[in-house]
Amino acid sequence: MAAELTAHQLIAKHRPTLDQALETIRTRAYWSPHPEHPKAYGENGSLSLPEGKAAFDALQGTRFDLDQPGTDDWVGGEVSPYGPELGITYPHPDIDTLLPAMRAGMRAWRDAGAEVRAMVCLEILSRISARTHEFAHAVMHTSGQAFMMAFQAGGPHAQDRGLEAVAYAYVEQSRTPDAAEWTKPQGKRDPIALNKRFTPVARGISLMIGCNTFPTWNGYPGLFASLATGNPVLVKPHPRAVLPLALTVRIAREVLADAGFDPNLVCLAVERPDEGIAKTLAVRPEIKLIDYTGSTSFGDWLEANARQAQVYTEKAGVNTVVVESTDNYKGMLANLAFSLSLYSGQMCTTPQNLLIPRDGIRTDAGAKSYDDVVADLAASVNGLLGDDARANGILGALVNPDVKSRLEAAAGLGEVALPSREIANPDFPDAVVRTPVIVKLDGAKPDAEAAYLSECFGPVSFAVAVDSATDAVELLRRTVRDKGAMTVGAYTTSEEISAAVEETCLEECAQLSLNLTGGVYVNQTAAFSDFHGSGGNPAANAALCDGAFVANRFRVVEIRKDA
């Protein structure tokens, strides 16, 4: 079948976008080619909000056929955190048939070169972007995110992260020239001359293991980093969040076919209930790369057992904020309240531990005791979430019953400064919506330490009383070193404390946000500028995105000939 998209067409269409991405990862400035406002869609082939909703509705109760080889069954079972069953079934793979089929197109994909691979990836992202409203509903009804967050984080922000990975992949592959003429002088004798050719060669099939909470945002970096470096990608979604990644795979397969490549370079592996197909796939000799976001226990298992593969993991951490002093007390409280509430705390970057000196802090509103700070923060959260309609738009729904159980158990760990309350969602009566709980703990007590040094994923935060700011910094260091952290925050007007926190984060490899009081929050990162995770502490062994995230997904093979 002749290609409908030629390399020349792809380069003409997408090279300017790639060039801008390359420039932006160099300058770390703000840029995004993907609009984050819903009204920006509906023209030039993109779906409007009603069209996206209609497309999502049309998928429900259907068989999601991908025409990929080795399908031996049809499986499904997704239930929206908002209540409805999606009723979609997906192809279940016969691994022994699917994996060889995925390798068949590797040669042509390799020979296409880094630039064409990048252009194909950008065409995939372009077509995904045109269907952002459809993806928003798919993410909302598999993750429990509120619609606007699902639209932004599951749409343009995820697409930005995918493009960022493609840009880094292109940089690393183009670092070495395609060819070189090598001449070594030999004095009076004729020089030695060689022609050398250098080819980026993929490692093999890449397994992307998706997560429930951010299937596209966390999934796209690994998917596109592997595909852009020549590797086929097998997408294994979380069983409760299949649809967003199934849509991604369908679009990727369509683009690959249109560009004249084997669509089986991207395939989907959906598991039967309790099948545990990720463990089976992870140790297959054909799997050479693994990207995983999820629990520490399974991440540790992958790192220990998938010895044949390069494994990239984002696991759990205990995110910490040091509260020592502030010159904008109201802004600090508002910023923290939103950070604790967004998506019901179901983000790997949400703060958990707030370290506050028991003697209180200095603020522009006067001295505030530990009890004052905690009470005022609780009031700020209540003010933010006091209107149920607004609260539903911020909180979304609890993604699974385990989060609800942890939330309820947290109230028994200490004195409750802010009790969680149930909020009804009039559009989705079956949604489980809860406001955050804040629990006061004494950092000097061993029984409290067991609570605050364990990740409590969900809308749970601990206000930990510490003896001094110095003790807070030392506890921060121990937490990051032993438990890991995706994010660290600090509020201080002291140059000495600021320097101590900065040095701690540099030494323990943790990303730090200082004195955020406006519209940027510790649990948000911007593609092309911010690094998500560092790869240098137990929370994750990779960062999204940097050169290390892509460089080991391929090797450079040299062929030299006598000239």
Side-chain angles (χ1 to χ4, degrees), residues 5 7-49 51-52 114-136 138-139 148-174 214-229 244 247-248 251-252 254-256 258-259 519-520 524-532 544-546 549-550:
L5 290 170
H8 177 76
Q9 290 171 326
L10 288 166
I11 291 170
K13 181 178 181 181
H14 296 298
R15 184 72 214 202
T17 301
L18 178 62
D19 288 342
Q20 183 61 60
L22 296 173
E23 175 64 10
T24 308
I25 63 174
R26 185 188 69 81
T27 63
R28 317 308 295 182
Y30 170 77
W31 173 71
S32 171
H34 303 113
E36 60 178 7
H37 196 285
K39 292 182 179 179
Y41 298 83
E43 298 179 356
N44 301 317
S46 65
L47 298 181
S48 65
L49 195 157
E51 290 169 335
E115 183 178 33
V116 170
R117 286 195 295 272
M119 298 302 107
V120 171
C121 288
L122 265 61
E123 176 66 19
I124 295 170
L125 286 164
S126 176
R127 294 193 193 182
I128 290 172
S129 178
R131 294 167 63 177
T132 292
H133 275 296
E134 181 181 5
F135 274 83
V139 171
M148 185 54 72
M149 184 176 187
F151 174 85
Q152 292 184 336
H157 297 170
Q159 296 152 22
D160 284 350
R161 283 296 185 190
L163 173 56
E164 181 184 37
V166 173
Y168 274 102
Y170 182 78
V171 166
E172 295 303 324
Q173 290 174 98
S174 58
F214 290 88
T216 55
W217 198 98
N218 278 107
Y220 282 4
L223 191 163
F224 284 100
S226 285
L227 190 61
T229 50
L247 286 168
T248 302
I251 292 170
E254 291 171 353
V255 172
L256 286 163
D258 288 349
V520 175
Q524 297 174 318
T525 59
F528 311 111
S529 185
D530 295 324
F531 292 107
H532 176 73
L544 305 180
C545 290
D546 61 7
F549 185 67
V550 298

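Small disclaimer: the values here were computed from a predicted structure and weren't measured.
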Quiz item: Does Ser126 reach the main-chain N or O of Leu122 with its side chain, forming a donor-acceptor pair under 3.5 Å?
Solution: no
Quiz item: Within the distance-only criterion (no hydrogens, no angle test), does the side chain of Glu164 pair as donor or acceptor with the backbone N or O of Leu544 below 3.5 angstrom?
Solution: no
Could you report the tightest heavy-atom contact between [X] and [Y], atom names first, then the distance?
{"X": "Thr216", "Y": "Ala153", "value": "OG1-O, 4.3 Å"}
{"X": "Ala259", "Y": "Val120", "value": "CB-CG2, 4.1 Å"}
{"X": "Ser46", "Y": "Gly42", "value": "OG-N, 2.9 Å"}
{"X": "Val255", "Y": "Glu123", "value": "CG1-CG, 3.6 Å"}
{"X": "Ala165", "Y": "Pro221", "value": "CB-O, 3.4 Å"}
{"X": "Gly154", "Y": "Val139", "value": "CA-CG2, 4.1 Å"}

Any side-chain heavy-atom pair from [X] and [Y] closer than 4.5 angstrom?
{"X": "Asn218", "Y": "His532", "answer": "yes"}
{"X": "Thr27", "Y": "Ser529", "answer": "no"}
{"X": "Thr525", "Y": "Trp217", "answer": "yes"}
{"X": "Leu18", "Y": "Met119", "answer": "yes"}
{"X": "Ile251", "Y": "Arg131", "answer": "yes"}
{"X": "Ile124", "Y": "Leu227", "answer": "yes"}
{"X": "Ile25", "Y": "Val171", "answer": "yes"}

Exercise. Sequence neighbours left out, what passes salt bridge (charged side-chain N to carboxylate O under 4.0 Å, His left out) with Arg15? Give chain and number order.
Key: Asp19, Glu115
Self-check item: No-hydrogen, no-angle side-chain donor-acceptor test under 3.5 Å, Thr24 and Gln20
Solution: yes
Quiz item: Is it true that the side chains of Thr132 and Gln159 contain a donor and an acceptor less than 3.5 Å apart?
Solution: yes
Which distance, rounded to the nearest 0.5 Å, do you find between the [atom1] of [X] and the [atom2] of [Y]?
{"X": "Leu5", "Y": "Asp258", "atom1": "CG", "atom2": "CG", "result": "5.5 Å"}
{"X": "Arg161", "Y": "Leu163", "atom1": "CZ", "atom2": "CG", "result": "11.5 Å"}
{"X": "Arg117", "Y": "Leu256", "atom1": "CZ", "atom2": "CG", "result": "12.0 Å"}
{"X": "Gln152", "Y": "Asp160", "atom1": "CD", "atom2": "CG", "result": "11.0 Å"}
{"X": "His157", "Y": "Ser32", "atom1": "NE2", "atom2": "OG", "result": "7.0 Å"}
{"X": "Phe135", "Y": "Leu247", "atom1": "CZ", "atom2": "CG", "result": "4.5 Å"}

Exercise. Show your reasoning for whether side chain to side chain contact (heavy atoms under 4.5 Å, CB included) applies to Phe214 and Met149.
Key: CA-CA 11 Å; Phe214 290 88; Met149 184 176 187; 3.6 Å; yes
Quiz item: Applying salt bridge (charged side-chain N to carboxylate O under 4.0 Å, His left out), which residue pairs with at least one partner in residues 34-49 are found, sequence neighbours left out?
Solution: none
Self-check item: Sequence-distant partners of Tyr41, ring pair (Phe, Tyr, Trp, His ring centres under 6.0 Å), two or more places apart
Solution: His133, Phe151
